[in-house]
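One structure is given below, encoded as structure tokens.
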Amino acid sequence: PPVVVSHRPGFKLFEPGQPVRGELATLAEDGMTGPLTEFLDDAPGVISYAVAGDGIMPGQFATVELEVASSRSEISLAGMLVSSNDAFVALNGESIPSYLRSRRFSHTVYAPAYDAGSEANTESCDHIPGPPCGSPGNRVTEGAEGYVYPHSGIHGGEDLDPSMWDWNNPVALITIERAD
């Protein structure tokens, strides 16, 4: 399930082009939220966070409520993409528009998929924890990119048929609205 974070400017879940934080790699690789939420408990600039219940399958949605600061809050989000070994959906510091602070409007943004760069993209079921494979904890780090970058999807190199398991960016539609 995705982890959604409200925070002050300056906090980043990740930096594209840089090595992934270990706690985020664990989420991207196996969908485990615990290490990331433990990190967020003490991370400077974090206001609040929530885990969106269970995983969200294509075409489904989830609602998450967060506390935000009265001004200059940002939202970040990260969640594993199933049928990959280290892909994740993410927002990384989306500013909350000022009009949401005073009235009930909504702000919609598309979220892309990123590659954590922590594992080689084998597309082999031996290395993919989610459907259709079910092989958590099996890592191939040799050949991993070593940095976060936009994910290019499933190419059909091994066990995954792109006509069934591929995606195109963006991979999620996020709506932010004020709750009264």
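In what follows, residues are counted from 1 in the order of the sequence shown. Heavy-atom basis, side chains included; hydrogens, waters and symmetry copies ignored.
- Side-chain atoms of Pro129 and Met80, non-hydrogen and from C-beta on, do get closer than 4.5 Å to each other.
- Taking the charged nitrogens against the carboxylate oxygens, Asp30 and Arg139 do have a contact shorter than 4.0 Å, which makes a salt bridge.
- Put simply, Val148 and Leu40 are part of the same group of oily side chains (I, L, V, M, F, W, Y) that touch within less than 4.5 Å, one to the next.
- Of all heavy-atom pairs between Ser95 and Glu74, the closest is OG-OE2, 3.8 Å.
- Taken from CG in Asp166 to OG in Ser152, the straight-line distance is 8.5 Å, to the nearest 0.5 Å.
- Hydrophobic cluster membership is shared by Val89 and Val64, with clusters built from Ile, Leu, Val, Met, Phe, Trp and Tyr side chains linked at under 4.5 angstrom.
- Using modelled atom types, one finds a donor on one side chain and an acceptor on the other under 3.5 Å when comparing Tyr49 with Asp41.
- Pro112 and Val171 make their closest contact through C-CG2, 3.8 Å (heavy atoms, listed as atom of the first residue, atom of the second, distance).
- Rounded to the nearest 0.5 angstrom, Arg178 CZ and His107 NE2 are separated by 16.0 Å.
- Cluster membership for Leu91 and Leu66, using ILVMFWY side-chain heavy atoms within less than 4.5 angstrom, is shared.
- You'll find the side chain of Cys133 stays beyond 4.5 Å of the side chain of Trp165, heavy atoms only.
- Atom-to-atom distance recorded for Asp86:CG and Glu145:CD is 6.5 Å, nearest 0.5 angstrom.
- Contact detail for Ser76 and Leu13: the closest heavy-atom pair is CB-CD1, 3.7 Å.
- Contact record, Ile128 with Leu160: CD1-CD1, 3.4 Å, taken as the closest heavy-atom pair.
- Under a hydrophobic clustering in which Ile, Leu, Val, Met, Phe, Trp and Tyr are joined whenever their side-chain heavy atoms come within less than 4.5 Å, directly or via other members, Tyr147 and Val140 fall into different clusters.
- A donor atom on one side chain and an acceptor atom on the other are not found under 3.5 Å apart for His127 and Glu158.
- The two residues Ser6 and Glu67 have their closest heavy-atom pair at OG-O, 2.5 Å.
- Contact annotation: the side chain of Leu36 never approaches that of Thr26 to less than 4.5 Å [non-hydrogen atoms, C-beta and beyond].
- Between Glu94 and Leu77, the closest side-chain pair of non-hydrogen atoms is not below 4.5 Å.
- With a 4.5 Å cut-off on side-chain heavy atoms, Ile56 and Phe61 do not count as touching.
- With Asn92 contributing its side chain and Glu15 its backbone, the two residues share no donor-acceptor pair below 3.5 Å.
- Between the Thr175 side chain and the Thr108 main chain, no donor and acceptor come within less than 3.5 Å of each other.
- Looking only at distances, a side-chain donor or acceptor of Glu123 sits under 3.5 Å from a matching main-chain atom of His155.
- Within the 4.5 Å cutoff, the side chain of Leu81 has no heavy atoms near those of the Phe88 side chain.
- Other residues, nucleotides and ligands contribute more than 12 heavy atoms inside 6.0 Å of the OH atom of Tyr149.
- Among all heavy-atom pairs drawn from Phe14 and Ala90, the shortest one is CE2-CB, 3.6 Å.
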